[in-house]
Asks: 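Sending over a structure as structure tokens; questions will come in a sec.
Labels below follow one simple rule: chain letters A, B, ... track the order of the sequence lines, proteins then strands, and each chain is numbered from 1.
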Protein chains: 2
Amino acid sequence: MKILHTIADVRDELKKARTAHKTIGFVPTMGYLHQGHLSLMERARQENDVVVISIFVNPTQFGQGEDLDSYPRDFERDSQLAETVGVDLLFAPPAQEMYPEGYTTYVEAEGSITGLLCGRSRPGHFKGVTTIVSKLFNIVMPDRAYFGQKDAQQVAVIQQMVRDLDFDIDIIPCPIIREEDGLALSSRNTYLTPQGRKEAVVLSQSLFRAKEMIESGEEDASKIRAFIIENIRSAKEADIDYIEIVNARTLQKIEKVQGDVLIALAVKIGKTRLIDNIRMEV
Amino acid sequence: MKILHTIADVRDELKKARTAHKTIGFVPTMGYLHQGHLSLMERARQENDVVVISIFVNPTQFGQGEDLDSYPRDFERDSQLAETVGVDLLFAPPAQEMYPEGYTTYVEAEGSITGLLCGRSRPGHFKGVTTIVSKLFNIVMPDRAYFGQKDAQQVAVIQQMVRDLDFDIDIIPCPIIREEDGLALSSRNTYLTPQGRKEAVVLSQSLFRAKEMIESGEEDASKIRAFIIENIRSAKEADIDYIEIVNARTLQKIEKVQGDVLIALAVKIGKTRLIDNIRMEV
């Protein structure tokens with residue numbers, strides 16, 4: 001596995017692959033890799049000749065007072081894990097390689113797709129995401145890019161951006177990977193206290209029960225939402241940011257549970273903000 | 001020359017060229033082609049295996065009350081002219097192909113590079129330009145793209161965007177083409193009345209005289225600017241929007257005329273807003 005730190009080196013390396021008509025699969029990450037990330041890389045490994053990943057804690061997607069500085073990092077471990085699953089090229093640029101002095105261009109999906117859910121609590125977050133992903137797409141020029149469905153809104157926003165800006169790239173959403181007790185894997189789980197870790201299971205459990213309700217015929221979104229809220233409030237350290245039942249593509253709220261449905265939530269457990277969701281065709 | 005109207009058809013056509021390792025030169029236009037546009041295509045013809053042009057009057061770069069609806073169009077003549085200079089592929093999409101329902105993503109170079117000069121009189125204009133050019137770049141994926149230096153700010157903004165978003169495309173600015181009396185070619189010249197057409201020559205004449213002043217040793221930007229203002233005011237129908245002396249790359253105003261200098265102006269002659277500029281290394 002090659003580890004490269006500059007855009008020019010990545011271009012040079014991938015030019016060879018492209019000239020030889022090899023397909024390129026790409027997994028952008030912020031590092032501190034867990035089995036969720038690795039599942040994306042394994043899928044990319046199966047479907048492409050060359051697998052590229054990036055590790056970059058992108059400052060423009062963090063708001064003021066958010067956890068940019070404390071975001072967990074372990075490059076040694078990350079690069080070993082990436083090599084294990086057959087990654088060919090790891091791109092790990094310093095911040096000034098991506099945002100040099102005088103940087104001023106941003107890509108933004110406007111409107112409710114970025115304004116609701118996490119976008120409401122984290123203004124500017126998705127603008128940072130679409131900007132860095134555009135840059136990485138232009139550097140790597142992959143055939144396919146893999147994103148975890150855990151960040152459901154991120155997937156929807158990137159699909160919107162790819163459609164709108166005519167990127168010739170297939171976006172492949174991949175299933176959420178969970179701990180045995182159901183907690184969705186996240187680099188931020190490392191922030192949880194032992195007590196918080198126990199209580200965090202209430203998120204996925206609520207979603208699974210909501211799914212059962214829907215499968216048993218419940219169609220009223222407000223009833224399902226009320227049930228989830230009640231459930232999560234039973235956890236002492238839980239502080240709800242949002243719980244919404246929406247169309248999975250447009251992220252617009254729905255009243256009747258039908259079609260491509262996404263139940264998404266963000267909850268603080270102590271000081272740690274966690275997100276989770278479940279998507280189902282009803 | 002092929003004329004194509006859909007993104008999918010352009011992709012298919014260019015995939016063949018790319019697979020055969022042919023280089024692609026691209027000239028985006030809003031049509032109503034004149035010798036300025038054709039000079040870009042001729043340059044692209046010399047430097048690339050395949051020459052692609054687009055004709056698209058881009059609605060997102062026109063403000064409210066601007067001339068979107070009346071912007072001159074003559075597709076028959078345009079396609080004949082393009083064929084004459086050896087264009088291989090003309091992409092002429094309908095508006096809904098570029099901005100389908102639910103469209104929401106924009107690319108914007110923020111700050112003074114888009115906020116000054118034409119950006120001050122035409123808020124949102126350059127956001128429309130960077131958005132459509134990003135889309136066209138992603139569709140055509142050229143090796144080189146050609147822009148007229150007549151739109152000097154547009155060139156600077158696109159170069160900024162290409163640097164920031166890491167497009168792997170060479171931006172080639174090409175010299176202004178002028179009528180015999182000095183008037184810079186523009187599709188909007190067609191709006192001029194006979195009297196306005198006569199008076200419009202004051203723009204280029206002022207710039208040429210300013211250049212002579214600088215070549216004779218004048219370094220004080222405010223003196224040169226005052227001279228141009230006085231000159232242009234001598235034309236009865238002239239109404240100055242701006243006249244600025246700036247650094248050609250950053251578009252920041254300069255007091256002392258040195259380095260990569262751009263003198264740029266926008267002036268209404270009657271109801272027609274014209275721009276012109278001169279760039280010089282001092």
Asks: Got more than 12 heavy atoms from elsewhere within 6.0 Å of CD, A:Glu281?
Replies: yes
Asks: If you count every heavy atom of other residues, nucleotides or ligands that lies below 6.0 Å from A:Arg249 atom CZ, does the total exceed 12?
Replies: no
Asks: With respect to chain B, which residue among A:Val107, A:Ile139, A:Asp168 yields the maximal number of heavy-atom pairs within a distance under 4.5 Å?
Replies: A:Asp168
Asks: Quick check on the interface: out of B:Phe137, B:Tyr99, B:Phe167, who has the most heavy-atom pairs with chain A under 4.5 Å?
Replies: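 Ranked by contacts with chain A, first place is B:Phe167.
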Asks: For chain A, which residues from residues 4-22 of chain B have at least one heavy atom closer than 4.5 Å to it?
Replies: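 Within residues 4-22 of chain B, the residues under 4.5 Å from chain A are B:Ile7, B:Arg11, B:Lys15, B:Thr19, B:His21.
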Asks: What closest approach, in Å, do B:Thr104 and A:Gly111 show between heavy atoms, and which atom pair accounts for it?
Replies: OG1-N, 4.1 Å
Asks: Using non-hydrogen atoms and a limit below 4.5 Å, what part of residues 148-166 of chain A faces chain B?
Replies: A:Gln160, A:Met161, A:Asp164, A:Leu165, A:Asp166
